[in-house]
2 protein chains.
Amino acid sequence: MATQVVNAVQKLIPVDKTFCDLPPAIADAVEQAALTTSYPTGAVLFAEAQAPRGVFIVRRGRVKLSICGSDGRTLILRIVNAGCPLGVAAVVSGRQYEATAETQEPSEISFLRQNDLVRLMRLHGEFALWVTQHISQDYASTCREIRDLILSDSASEKLARLLVGWLDQNTTSKNPSQVKLALTHEEIGQMIGSSRETVSRLLAGFKKQHLIQQTGSTLVIPDRLALESLITA
Amino acid sequence: MATQVVNAVQKLIPVDKTFCDLPPAIADAVEQAALTTSYPTGAVLFAEAQAPRGVFIVRRGRVKLSICGSDGRTLILRIVNAGCPLGVAAVVSGRQYEATAETQEPSEISFLRQNDLVRLMRLHGEFALWVTQHISQDYASTCREIRDLILSDSASEKLARLLVGWLDQNTTSKNPSQVKLALTHEEIGQMIGSSRETVSRLLAGFKKQHLIQQTGSTLVIPDRLALESLITA
DNA sequence: ACCGGTCGGTGATGGGGATCACACATCGCT
DNA sequence: AGCGATGTGTGATCCCCATCACCGACCGGT
(Lines give C-alpha, C1' and ligand atoms only; values in the text may rest on other atoms or scores of the structure.)
Protein backbone atom coordinates (compact mmCIF):
# COMPACT_ATOMS: atom_id res chain seq x y z
CA MET A 1 0.00 0.00 0.00
CA ALA A 2 1.78 3.03 1.32
CA THR A 3 5.17 1.87 0.19
CA GLN A 4 7.83 4.49 -0.10
CA VAL A 5 10.62 4.90 -2.55
CA VAL A 6 13.63 3.12 -1.23
CA ASN A 7 16.60 5.42 -1.39
CA ALA A 8 18.74 3.22 0.76
CA VAL A 9 21.27 1.53 -1.46
CA GLN A 10 23.06 4.19 -3.47
CA LYS A 11 26.19 2.22 -4.11
CA LEU A 12 27.73 2.54 -7.53
CA ILE A 13 27.92 -0.71 -9.41
CA PRO A 14 30.13 -1.42 -12.39
CA VAL A 15 28.09 -2.99 -15.16
CA ASP A 16 29.91 -5.25 -17.50
CA LYS A 17 27.96 -5.28 -20.75
CA THR A 18 27.66 -2.35 -23.09
CA PHE A 19 24.36 -0.59 -22.86
CA CYS A 20 21.97 -3.05 -24.39
CA ASP A 21 22.31 -3.02 -28.16
CA LEU A 22 23.18 0.62 -28.60
CA PRO A 23 26.18 1.75 -30.68
CA PRO A 24 29.19 2.04 -28.34
CA ALA A 25 29.58 5.79 -28.69
CA ILE A 26 26.03 6.44 -27.66
CA ALA A 27 26.07 3.74 -25.03
CA ASP A 28 29.03 5.48 -23.44
CA ALA A 29 27.26 8.81 -23.44
CA VAL A 30 24.25 7.24 -21.76
CA GLU A 31 26.43 5.35 -19.33
CA GLN A 32 28.15 8.54 -18.27
CA ALA A 33 24.91 10.33 -17.59
CA ALA A 34 23.31 7.43 -15.78
CA LEU A 35 23.64 6.35 -12.20
CA THR A 36 23.52 2.61 -11.66
CA THR A 37 22.44 1.37 -8.26
CA SER A 38 21.41 -1.85 -6.61
CA TYR A 39 17.97 -2.43 -5.18
CA PRO A 40 16.61 -5.13 -2.87
CA THR A 41 13.40 -7.03 -3.53
CA GLY A 42 10.27 -4.96 -3.13
CA ALA A 43 11.82 -1.57 -3.79
CA VAL A 44 9.47 0.89 -5.43
CA LEU A 45 11.27 2.74 -8.20
CA PHE A 46 8.35 5.02 -8.83
CA ALA A 47 4.66 5.04 -8.06
CA GLU A 48 1.66 5.74 -10.19
CA ALA A 49 0.72 9.41 -10.42
CA GLN A 50 4.06 10.65 -9.14
CA ALA A 51 5.71 13.47 -11.02
CA PRO A 52 8.40 12.00 -13.27
CA ARG A 53 12.00 12.42 -12.17
CA GLY A 54 13.69 10.33 -14.82
CA VAL A 55 13.79 6.94 -16.44
CA PHE A 56 15.01 3.69 -14.95
CA ILE A 57 16.77 1.14 -17.08
CA VAL A 58 16.80 -2.41 -15.79
CA ARG A 59 20.31 -3.82 -16.03
CA ARG A 60 19.68 -6.98 -14.07
CA GLY A 61 16.69 -8.40 -12.24
CA ARG A 62 12.94 -8.20 -12.71
CA VAL A 63 10.53 -5.35 -12.11
CA LYS A 64 6.76 -5.53 -11.73
CA LEU A 65 4.72 -2.81 -13.43
CA SER A 66 1.23 -2.35 -12.09
CA ILE A 67 -1.61 0.10 -11.98
CA CYS A 68 -4.18 0.58 -9.29
CA GLY A 69 -7.87 1.30 -9.68
CA SER A 70 -10.00 3.69 -7.71
CA ASP A 71 -11.46 0.79 -5.75
CA GLY A 72 -8.04 -0.32 -4.58
CA ARG A 73 -7.76 -3.33 -6.84
CA THR A 74 -4.48 -3.81 -8.62
CA LEU A 75 -3.69 -4.89 -12.14
CA ILE A 76 -0.22 -6.06 -13.09
CA LEU A 77 0.64 -4.71 -16.51
CA ARG A 78 3.73 -6.80 -17.06
CA ILE A 79 6.95 -8.07 -15.58
CA VAL A 80 9.94 -6.30 -17.07
CA ASN A 81 13.29 -7.99 -17.57
CA ALA A 82 16.79 -6.62 -18.05
CA GLY A 83 17.42 -4.29 -20.96
CA CYS A 84 14.22 -2.34 -20.77
CA PRO A 85 13.76 1.31 -19.85
CA LEU A 86 10.94 2.19 -17.46
CA GLY A 87 8.95 5.35 -17.09
CA VAL A 88 9.93 6.77 -20.45
CA ALA A 89 6.42 7.73 -21.43
CA ALA A 90 5.97 9.78 -18.28
CA VAL A 91 9.28 11.56 -18.66
CA VAL A 92 8.90 12.34 -22.33
CA SER A 93 5.33 13.48 -22.11
CA GLY A 94 5.98 15.35 -18.88
CA ARG A 95 2.92 13.82 -17.27
CA GLN A 96 2.87 11.64 -14.24
CA TYR A 97 4.18 8.10 -14.07
CA GLU A 98 1.51 5.91 -15.58
CA ALA A 99 2.17 2.90 -13.39
CA THR A 100 4.00 1.68 -10.31
CA ALA A 101 7.36 -0.08 -10.68
CA GLU A 102 8.51 -2.46 -7.98
CA THR A 103 11.45 -4.84 -8.00
CA GLN A 104 10.58 -8.49 -7.70
CA GLU A 105 14.10 -9.62 -6.92
CA PRO A 106 17.40 -7.91 -6.13
CA SER A 107 18.11 -5.80 -9.19
CA GLU A 108 20.60 -3.42 -10.68
CA ILE A 109 19.00 -0.43 -12.24
CA SER A 110 20.37 2.63 -13.99
CA PHE A 111 18.73 5.96 -13.44
CA LEU A 112 18.76 8.73 -16.02
CA ARG A 113 17.46 12.13 -15.08
CA GLN A 114 14.74 13.74 -17.13
CA ASN A 115 16.98 16.49 -18.46
CA ASP A 116 19.70 14.08 -19.47
CA LEU A 117 17.28 11.80 -21.25
CA VAL A 118 15.80 14.58 -23.31
CA ARG A 119 19.22 16.08 -23.99
CA LEU A 120 20.58 12.74 -25.18
CA MET A 121 17.54 12.13 -27.33
CA ARG A 122 17.83 15.53 -28.96
CA LEU A 123 21.51 14.97 -29.51
CA HIS A 124 21.47 11.41 -30.80
CA GLY A 125 18.59 10.55 -33.11
CA GLU A 126 19.79 6.97 -32.82
CA PHE A 127 19.22 6.99 -29.08
CA ALA A 128 15.85 8.65 -29.52
CA LEU A 129 14.97 5.89 -31.92
CA TRP A 130 16.00 3.27 -29.41
CA VAL A 131 13.85 4.89 -26.76
CA THR A 132 10.95 5.14 -29.16
CA GLN A 133 11.25 1.52 -30.10
CA HIS A 134 10.90 0.52 -26.49
CA ILE A 135 7.86 2.67 -25.92
CA SER A 136 6.38 1.27 -29.07
CA GLN A 137 6.77 -2.21 -27.75
CA ASP A 138 5.23 -1.18 -24.47
CA TYR A 139 2.36 0.37 -26.33
CA ALA A 140 1.82 -2.70 -28.44
CA SER A 141 1.98 -4.92 -25.39
CA THR A 142 -0.54 -2.74 -23.61
CA CYS A 143 -2.87 -2.92 -26.57
CA ARG A 144 -2.62 -6.69 -26.51
CA GLU A 145 -3.34 -6.58 -22.81
CA ILE A 146 -6.48 -4.59 -23.43
CA ARG A 147 -7.64 -6.93 -26.12
CA ASP A 148 -6.99 -10.01 -24.06
CA LEU A 149 -8.49 -8.70 -20.87
CA ILE A 150 -11.56 -6.93 -22.15
CA LEU A 151 -12.55 -8.78 -25.26
CA SER A 152 -12.54 -12.31 -24.09
CA ASP A 153 -13.99 -12.52 -21.02
CA SER A 154 -14.00 -16.02 -19.69
CA ALA A 155 -11.47 -16.00 -16.92
CA SER A 156 -10.25 -19.45 -17.89
CA GLU A 157 -9.39 -18.12 -21.31
CA LYS A 158 -7.29 -15.37 -19.82
CA LEU A 159 -5.52 -17.75 -17.51
CA ALA A 160 -4.79 -20.17 -20.33
CA ARG A 161 -3.40 -17.32 -22.37
CA LEU A 162 -1.17 -16.29 -19.51
CA LEU A 163 0.20 -19.78 -19.06
CA VAL A 164 0.88 -20.20 -22.76
CA GLY A 165 2.62 -16.83 -22.72
CA TRP A 166 4.85 -18.06 -19.95
CA LEU A 167 5.73 -21.10 -22.00
CA ASP A 168 6.87 -18.85 -24.82
CA GLN A 169 9.18 -16.89 -22.56
CA ASN A 170 10.84 -20.09 -21.39
CA THR A 171 13.19 -20.61 -24.28
CA THR A 172 15.94 -20.64 -21.67
CA SER A 173 14.88 -23.73 -19.82
CA LYS A 174 16.00 -27.12 -21.02
CA ASN A 175 12.52 -28.49 -20.60
CA PRO A 176 10.28 -26.39 -22.83
CA SER A 177 7.00 -27.54 -21.32
CA GLN A 178 7.95 -26.41 -17.83
CA VAL A 179 7.34 -23.15 -16.07
CA LYS A 180 8.65 -21.85 -12.77
CA LEU A 181 5.74 -20.36 -10.88
CA ALA A 182 7.06 -17.14 -9.38
CA LEU A 183 3.74 -15.50 -8.62
CA THR A 184 1.13 -16.09 -5.95
CA HIS A 185 -2.44 -16.82 -6.92
CA GLU A 186 -3.31 -13.34 -5.89
CA GLU A 187 -0.74 -11.90 -8.27
CA ILE A 188 -1.91 -14.14 -11.07
CA GLY A 189 -5.37 -12.82 -10.44
CA GLN A 190 -4.00 -9.31 -10.71
CA MET A 191 -2.50 -10.18 -14.05
CA ILE A 192 -5.73 -11.45 -15.57
CA GLY A 193 -8.08 -9.15 -13.73
CA SER A 194 -9.84 -11.68 -11.57
CA SER A 195 -9.92 -12.72 -7.95
CA ARG A 196 -7.59 -14.96 -6.03
CA GLU A 197 -10.30 -17.55 -5.50
CA THR A 198 -11.10 -17.79 -9.16
CA VAL A 199 -7.47 -18.46 -9.97
CA SER A 200 -7.40 -21.17 -7.35
CA ARG A 201 -10.50 -22.82 -8.75
CA LEU A 202 -9.37 -22.50 -12.35
CA LEU A 203 -5.98 -24.03 -11.67
CA ALA A 204 -7.66 -26.86 -9.79
CA GLY A 205 -9.93 -27.37 -12.78
CA PHE A 206 -6.99 -27.40 -15.16
CA LYS A 207 -5.30 -30.03 -13.05
CA LYS A 208 -8.43 -32.14 -13.03
CA GLN A 209 -8.51 -31.98 -16.80
CA HIS A 210 -4.82 -32.88 -16.93
CA LEU A 211 -4.00 -29.65 -18.70
CA ILE A 212 -1.34 -28.89 -16.13
CA GLN A 213 0.59 -30.66 -13.40
CA GLN A 214 2.15 -28.97 -10.46
CA THR A 215 4.95 -30.12 -8.19
CA GLY A 216 6.05 -27.47 -5.76
CA SER A 217 6.47 -24.23 -7.66
CA THR A 218 6.99 -25.93 -10.99
CA LEU A 219 4.21 -26.14 -13.53
CA VAL A 220 4.30 -28.73 -16.26
CA ILE A 221 2.13 -28.29 -19.30
CA PRO A 222 2.08 -31.64 -21.05
CA ASP A 223 -0.19 -30.68 -23.89
CA ARG A 224 0.21 -27.11 -24.97
CA LEU A 225 -2.34 -27.42 -27.73
CA ALA A 226 -5.03 -28.54 -25.31
CA LEU A 227 -4.47 -25.37 -23.32
CA GLU A 228 -4.51 -23.27 -26.45
CA SER A 229 -7.80 -24.77 -27.48
CA LEU A 230 -9.35 -22.97 -24.54
CA ILE A 231 -8.29 -19.64 -25.93
CA THR A 232 -10.38 -19.46 -29.05
CA ALA A 233 -13.32 -20.14 -26.72
CA MET B 1 -23.71 13.44 -42.64
CA ALA B 2 -22.89 12.69 -46.26
CA THR B 3 -23.19 16.14 -47.78
CA GLN B 4 -20.51 15.87 -50.42
CA VAL B 5 -18.33 12.82 -50.45
CA VAL B 6 -14.85 13.61 -51.62
CA ASN B 7 -13.73 10.71 -53.73
CA ALA B 8 -10.62 12.18 -55.28
CA VAL B 9 -8.47 10.19 -52.97
CA GLN B 10 -5.12 10.86 -54.54
CA LYS B 11 -5.44 14.59 -54.96
CA LEU B 12 -2.67 16.62 -53.39
CA ILE B 13 -3.95 19.09 -50.86
CA PRO B 14 -2.10 22.19 -49.74
CA VAL B 15 -2.19 22.41 -45.99
CA ASP B 16 -2.05 25.86 -44.53
CA LYS B 17 -0.55 25.47 -41.10
CA THR B 18 3.00 24.45 -40.41
CA PHE B 19 3.31 20.88 -39.30
CA CYS B 20 1.75 20.90 -35.90
CA ASP B 21 4.15 22.52 -33.46
CA LEU B 22 7.39 21.41 -35.04
CA PRO B 23 10.21 23.85 -35.78
CA PRO B 24 9.76 25.16 -39.35
CA ALA B 25 12.91 23.57 -40.74
CA ILE B 26 11.91 20.12 -39.57
CA ALA B 27 8.30 20.65 -40.47
CA ASP B 28 9.38 21.38 -44.01
CA ALA B 29 11.47 18.25 -44.19
CA VAL B 30 8.54 16.20 -43.01
CA GLU B 31 6.16 17.97 -45.34
CA GLN B 32 8.37 17.20 -48.29
CA ALA B 33 8.55 13.53 -47.51
CA ALA B 34 4.85 13.19 -46.76
CA LEU B 35 1.94 12.75 -49.11
CA THR B 36 -1.24 14.45 -48.02
CA THR B 37 -4.48 13.07 -49.35
CA SER B 38 -8.16 13.39 -48.72
CA TYR B 39 -10.33 10.53 -47.47
CA PRO B 40 -14.09 10.10 -47.29
CA THR B 41 -15.93 8.90 -44.22
CA GLY B 42 -15.37 5.27 -43.40
CA ALA B 43 -12.01 4.91 -45.09
CA VAL B 44 -9.74 2.38 -43.42
CA LEU B 45 -6.22 3.75 -43.19
CA PHE B 46 -4.84 0.54 -41.84
CA ALA B 47 -6.18 -2.56 -40.18
CA GLU B 48 -5.10 -4.44 -37.10
CA ALA B 49 -2.39 -7.03 -37.72
CA GLN B 50 -1.41 -5.62 -41.10
CA ALA B 51 2.28 -5.19 -41.79
CA PRO B 52 3.16 -1.52 -41.27
CA ARG B 53 3.69 0.59 -44.37
CA GLY B 54 4.13 3.95 -42.74
CA VAL B 55 2.54 6.43 -40.38
CA PHE B 56 -0.53 8.57 -40.98
CA ILE B 57 -0.76 12.05 -39.57
CA VAL B 58 -4.24 13.50 -39.20
CA ARG B 59 -4.30 17.03 -40.61
CA ARG B 60 -8.02 17.51 -40.47
CA GLY B 61 -10.96 15.32 -39.49
CA ARG B 62 -11.44 12.52 -36.98
CA VAL B 63 -10.23 8.95 -36.99
CA LYS B 64 -11.51 6.03 -34.94
CA LEU B 65 -8.92 3.66 -33.50
CA SER B 66 -10.24 0.25 -32.53
CA ILE B 67 -9.12 -3.26 -31.79
CA CYS B 68 -10.98 -6.47 -32.32
CA GLY B 69 -11.11 -9.50 -30.07
CA SER B 70 -11.01 -13.13 -31.04
CA ASP B 71 -14.73 -13.45 -30.47
CA GLY B 72 -15.45 -10.69 -32.97
CA ARG B 73 -16.31 -8.04 -30.47
CA THR B 74 -14.80 -4.61 -31.00
CA LEU B 75 -13.31 -2.12 -28.60
CA ILE B 76 -12.81 1.49 -29.59
CA LEU B 77 -9.52 2.67 -28.17
CA ARG B 78 -10.03 6.35 -28.88
CA ILE B 79 -11.09 8.95 -31.39
CA VAL B 80 -8.11 10.81 -32.77
CA ASN B 81 -8.27 14.45 -33.81
CA ALA B 82 -6.09 16.57 -36.06
CA GLY B 83 -2.42 16.86 -35.22
CA CYS B 84 -1.82 13.31 -34.15
CA PRO B 85 0.29 10.67 -35.85
CA LEU B 86 -1.17 7.18 -36.20
CA GLY B 87 0.53 3.84 -36.43
CA VAL B 88 3.87 5.05 -35.14
CA ALA B 89 4.33 2.22 -32.71
CA ALA B 90 3.89 -0.36 -35.43
CA VAL B 91 6.29 1.35 -37.80
CA VAL B 92 8.98 1.98 -35.25
CA SER B 93 8.85 -1.43 -33.67
CA GLY B 94 8.49 -3.13 -37.04
CA ARG B 95 5.61 -5.22 -35.79
CA GLN B 96 2.11 -5.20 -37.13
CA TYR B 97 -0.35 -2.36 -36.72
CA GLU B 98 -1.77 -2.66 -33.25
CA ALA B 99 -5.23 -1.36 -34.11
CA THR B 100 -7.55 -0.45 -36.94
CA ALA B 101 -7.84 3.19 -38.04
CA GLU B 102 -10.98 4.35 -39.80
CA THR B 103 -12.07 7.87 -40.67
CA GLN B 104 -15.24 9.06 -39.02
CA GLU B 105 -15.72 12.06 -41.26
CA PRO B 106 -14.06 13.40 -44.43
CA SER B 107 -10.45 13.91 -43.43
CA GLU B 108 -7.13 15.08 -44.75
CA ILE B 109 -4.30 12.84 -43.78
CA SER B 110 -0.59 12.87 -44.48
CA PHE B 111 1.20 9.63 -45.13
CA LEU B 112 4.86 9.11 -44.32
CA ARG B 113 6.56 5.95 -45.45
CA GLN B 114 8.37 3.77 -42.96
CA ASN B 115 11.81 4.51 -44.37
CA ASP B 116 11.24 8.22 -44.41
CA LEU B 117 9.99 8.25 -40.85
CA VAL B 118 12.98 6.39 -39.52
CA ARG B 119 15.35 8.45 -41.64
CA LEU B 120 13.87 11.69 -40.38
CA MET B 121 13.94 10.50 -36.81
CA ARG B 122 17.58 9.49 -37.07
CA LEU B 123 18.39 12.81 -38.69
CA HIS B 124 16.46 15.16 -36.45
CA GLY B 125 16.47 14.28 -32.79
CA GLU B 126 13.88 17.00 -32.38
CA PHE B 127 11.51 15.18 -34.69
CA ALA B 128 12.19 11.89 -32.96
CA LEU B 129 11.34 13.59 -29.72
CA TRP B 130 8.07 14.84 -31.17
CA VAL B 131 7.18 11.36 -32.35
CA THR B 132 8.10 9.91 -29.00
CA GLN B 133 6.00 12.43 -27.17
CA HIS B 134 2.99 11.37 -29.15
CA ILE B 135 3.51 7.69 -28.54
CA SER B 136 4.00 8.47 -24.90
CA GLN B 137 0.65 10.16 -24.78
CA ASP B 138 -0.93 7.23 -26.56
CA TYR B 139 0.68 4.90 -24.08
CA ALA B 140 -0.53 6.91 -21.13
CA SER B 141 -3.99 7.09 -22.58
CA THR B 142 -4.03 3.35 -23.12
CA CYS B 143 -2.95 2.76 -19.56
CA ARG B 144 -5.79 4.95 -18.36
CA GLU B 145 -8.11 2.99 -20.61
CA ILE B 146 -7.00 -0.24 -19.01
CA ARG B 147 -7.45 1.11 -15.54
CA ASP B 148 -10.86 2.52 -16.27
CA LEU B 149 -12.16 -0.51 -18.10
CA ILE B 150 -10.80 -3.32 -16.00
CA LEU B 151 -10.57 -1.93 -12.51
CA SER B 152 -13.94 -0.41 -12.02
CA ASP B 153 -16.33 -2.55 -13.21
CA SER B 154 -19.80 -1.20 -12.91
CA ALA B 155 -20.81 -0.32 -16.42
CA SER B 156 -22.59 2.79 -15.23
CA GLU B 157 -19.32 4.04 -13.81
CA LYS B 158 -17.61 3.61 -17.14
CA LEU B 159 -20.38 5.36 -18.99
CA ALA B 160 -20.38 8.25 -16.55
CA ARG B 161 -16.64 8.56 -16.98
CA LEU B 162 -17.03 8.63 -20.74
CA LEU B 163 -19.64 11.35 -20.61
CA VAL B 164 -17.60 13.48 -18.27
CA GLY B 165 -14.62 12.99 -20.55
CA TRP B 166 -16.68 14.30 -23.43
CA LEU B 167 -17.57 17.35 -21.41
CA ASP B 168 -13.90 18.09 -20.91
CA GLN B 169 -13.18 17.94 -24.62
CA ASN B 170 -15.93 20.47 -25.29
CA THR B 171 -14.05 23.60 -24.46
CA THR B 172 -14.94 24.74 -27.96
CA SER B 173 -18.69 24.89 -27.51
CA LYS B 174 -20.27 27.98 -26.10
CA ASN B 175 -22.44 25.90 -23.84
CA PRO B 176 -20.05 23.94 -21.66
CA SER B 177 -22.61 21.47 -20.34
CA GLN B 178 -23.61 20.31 -23.78
CA VAL B 179 -22.29 17.43 -25.86
CA LYS B 180 -22.96 16.50 -29.44
CA LEU B 181 -23.65 12.79 -29.55
CA ALA B 182 -21.76 11.51 -32.58
CA LEU B 183 -21.74 7.82 -31.68
CA THR B 184 -24.42 5.15 -31.74
CA HIS B 185 -25.25 3.20 -28.62
CA GLU B 186 -23.43 0.29 -30.12
CA GLU B 187 -20.28 2.38 -30.52
CA ILE B 188 -20.60 3.73 -27.02
CA GLY B 189 -20.80 0.15 -25.86
CA GLN B 190 -17.62 -0.56 -27.78
CA MET B 191 -15.93 2.31 -26.00
CA ILE B 192 -16.76 1.10 -22.51
CA GLY B 193 -16.67 -2.61 -23.22
CA SER B 194 -20.32 -3.42 -22.76
CA SER B 195 -23.30 -4.31 -24.88
CA ARG B 196 -25.59 -2.06 -26.85
CA GLU B 197 -28.56 -2.94 -24.64
CA THR B 198 -26.72 -2.03 -21.48
CA VAL B 199 -25.89 1.39 -22.85
CA SER B 200 -29.53 1.90 -23.76
CA ARG B 201 -30.69 0.95 -20.30
CA LEU B 202 -28.04 3.00 -18.56
CA LEU B 203 -28.80 6.13 -20.54
CA ALA B 204 -32.49 5.65 -19.80
CA GLY B 205 -31.64 5.35 -16.15
CA PHE B 206 -29.51 8.49 -16.24
CA LYS B 207 -32.40 10.37 -17.80
CA LYS B 208 -34.78 9.10 -15.16
CA GLN B 209 -32.40 10.40 -12.50
CA HIS B 210 -32.14 13.73 -14.33
CA LEU B 211 -28.42 13.28 -14.75
CA ILE B 212 -28.75 13.93 -18.47
CA GLN B 213 -31.27 15.32 -20.91
CA GLN B 214 -31.36 14.46 -24.57
CA THR B 215 -32.91 16.33 -27.46
CA GLY B 216 -32.09 14.85 -30.81
CA SER B 217 -28.37 14.18 -30.88
CA THR B 218 -27.54 16.74 -28.22
CA LEU B 219 -26.85 15.69 -24.67
CA VAL B 220 -27.18 18.17 -21.85
CA ILE B 221 -25.56 17.42 -18.55
CA PRO B 222 -27.08 19.82 -16.07
CA ASP B 223 -25.18 18.65 -13.03
CA ARG B 224 -21.72 17.46 -13.78
CA LEU B 225 -20.92 16.75 -10.17
CA ALA B 226 -23.85 14.39 -9.86
CA LEU B 227 -22.49 12.36 -12.73
CA GLU B 228 -19.01 12.41 -11.27
CA SER B 229 -20.33 11.10 -7.99
CA LEU B 230 -21.07 7.85 -9.79
CA ILE B 231 -17.43 7.41 -10.66
CA THR B 232 -15.86 6.88 -7.28
CA ALA B 233 -18.34 4.04 -6.79
C1' DA C 1 6.40 -25.28 20.77
C1' DC C 2 3.58 -21.31 20.30
C1' DC C 3 1.76 -17.90 17.24
C1' DG C 4 1.02 -14.48 13.73
C1' DG C 5 1.17 -13.85 8.85
C1' DT C 6 0.83 -15.14 4.25
C1' DC C 7 -0.89 -18.48 1.08
C1' DG C 8 -4.00 -21.87 -0.79
C1' DG C 9 -8.38 -24.64 -1.21
C1' DT C 10 -13.50 -24.74 -1.32
C1' DG C 11 -18.49 -24.07 -0.31
C1' DA C 12 -22.57 -20.81 -0.51
C1' DT C 13 -24.67 -16.87 -2.18
C1' DG C 14 -25.93 -13.03 -4.96
C1' DG C 15 -25.73 -9.69 -8.52
C1' DG C 16 -24.52 -7.48 -12.74
C1' DG C 17 -24.71 -7.71 -17.23
C1' DA C 18 -24.60 -10.59 -21.60
C1' DT C 19 -27.73 -12.61 -24.43
C1' DC C 20 -32.08 -13.67 -26.73
C1' DA C 21 -36.31 -11.99 -28.42
C1' DC C 22 -39.29 -8.89 -29.67
C1' DA C 23 -41.49 -4.13 -31.15
C1' DC C 24 -41.04 0.48 -32.77
C1' DA C 25 -38.91 4.57 -34.87
C1' DT C 26 -36.33 6.78 -38.44
C1' DC C 27 -34.19 7.43 -42.67
C1' DG C 28 -32.84 6.80 -47.50
C1' DC C 29 -33.99 4.78 -51.56
C1' DT C 30 -36.64 3.29 -55.89
C1' DA D 1 -46.06 4.94 -50.44
C1' DG D 2 -43.61 0.82 -49.61
C1' DC D 3 -39.41 -1.42 -48.13
C1' DG D 4 -34.98 -2.56 -46.22
C1' DA D 5 -31.37 -1.08 -43.21
C1' DT D 6 -30.10 0.76 -39.16
C1' DG D 7 -30.72 2.47 -34.53
C1' DT D 8 -33.27 2.19 -30.23
C1' DG D 9 -36.28 0.61 -26.05
C1' DT D 10 -37.35 -3.07 -22.86
C1' DG D 11 -38.65 -7.54 -20.87
C1' DA D 12 -37.06 -12.31 -19.48
C1' DT D 13 -33.57 -15.46 -18.56
C1' DC D 14 -29.25 -17.25 -17.24
C1' DC D 15 -24.54 -17.80 -15.92
C1' DC D 16 -20.08 -16.40 -14.64
C1' DC D 17 -17.51 -14.73 -11.17
C1' DA D 18 -16.87 -11.49 -7.10
C1' DT D 19 -17.51 -11.77 -2.53
C1' DC D 20 -17.98 -13.61 2.13
C1' DA D 21 -16.70 -17.15 5.23
C1' DC D 22 -14.00 -20.61 7.00
C1' DC D 23 -10.28 -24.02 7.31
C1' DG D 24 -5.81 -26.09 6.78
C1' DA D 25 -0.82 -25.64 5.45
C1' DC D 26 3.40 -23.65 5.74
C1' DC D 27 7.11 -20.58 7.39
C1' DG D 28 9.83 -17.47 10.17
C1' DG D 29 10.50 -15.28 14.56
C1' DT D 30 10.66 -15.11 19.85
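Worth knowing before you read on, the calculation uses all heavy atoms, side chains too, and leaves out hydrogens, waters and symmetry mates. Being a predicted model, the structure only gives us computed values, none of them experimental. Quick note on labels: first sequence line is chain A, next is B, and so on, each numbered from 1.
In this structure, L202(B) atom CG and dG9(D) atom P are separated by 12 Å, rounded to whole Å. Taking atom CG on L149(A) and atom C1' on dC17(D), their separation rounds to 15 Å, with Å as the unit. One can place CZ of R196(A) at 11 Å from C1' of dC23(D), the figure rounded to the nearest angstrom. Atom pair L159(B):CG and dG17(C):P shows a separation of 11 Å (rounding to whole Å applied). When the P atom of dA18(D) is taken as reference, atom CD of E157(B) falls 16 Å away, rounded to whole Å. Atom CD of E186(A) is separated from atom C1' of dG5(C) by 14 Å (rounded to the nearest Å). Nucleotide dG8(C) holds its C1' atom 15 Å from the CG atom of L183(A), rounded to whole Å. Between the CD atom of Q190(A) and the C1' atom of dG8(C) there is a distance of 15 Å, rounded to whole Å.
For dA18(C), the OP1/OP2 oxygens have a side-chain nitrogen or oxygen of T198(B) closer than 4.0 Å. OP1 or OP2 of dG9(C) sits under 4.0 Å from a side-chain N or O of K207(A). Phosphate proximity of dG9(D) to S200(B): present, with a side-chain N or O under 4.0 Å from OP1 or OP2. Phosphate proximity of dT6(D) to H185(B): absent, as no side-chain N or O sits under 4.0 Å from OP1 or OP2.
Annotation: side chain of Q214(A) is in contact with side chain of K207(A) (closest heavy-atom distance under 4.5 Å). Contact of the L181(A) side chain with the I188(A) side chain is registered, since non-hydrogen atoms from C-beta on lie closer than 4.5 Å.
Heavy-atom distances to DNA chain D give each of L203(B) and G193(A) a nearest nucleotide, and the one nearer the 5′ end belongs to L203(B).
Applying the 3.5 Å distance criterion, the base of dC7(C) shares no donor-acceptor pair with the side chain of E187(A). Between the base of dG8(C) and the side chain of R201(A) there is no donor-acceptor pair shorter than 3.5 Å.
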CA sep, side-chain torsions, deciding dist, call: Y97(A), F46(A), ring pair (Phe, Tyr, Trp, His ring centres under 6.0 Å): CA-CA 7 Å; Y97(A) 284 117; F46(A) 53 83; 4.0 Å; yes
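Among dC20(C), dG17(C), dT10(C), the nucleotide with an atom closest to any side-chain atom of E197(B) is dC20(C). Across dG17(C), dC17(D), dC20(D), the shortest atom-to-atom separation from the side chain of A155(A) is found for dC17(D). Candidate nucleotides dT10(D), dA18(C), dC17(D) were compared by shortest atom distance to the side chain of S194(B), and dA18(C) ranks first.
Open room surrounds NZ on K180(A); 12 or fewer heavy atoms of other groups in view lie less than 6.0 Å from it.
Counting non-hydrogen atoms under 4.0 angstrom, S195(A) reaches a base of the nucleic acid.
A pairwise comparison of heavy atoms in S66(B) and E48(B) identifies O-OE1, 4.3 Å as the closest pair.
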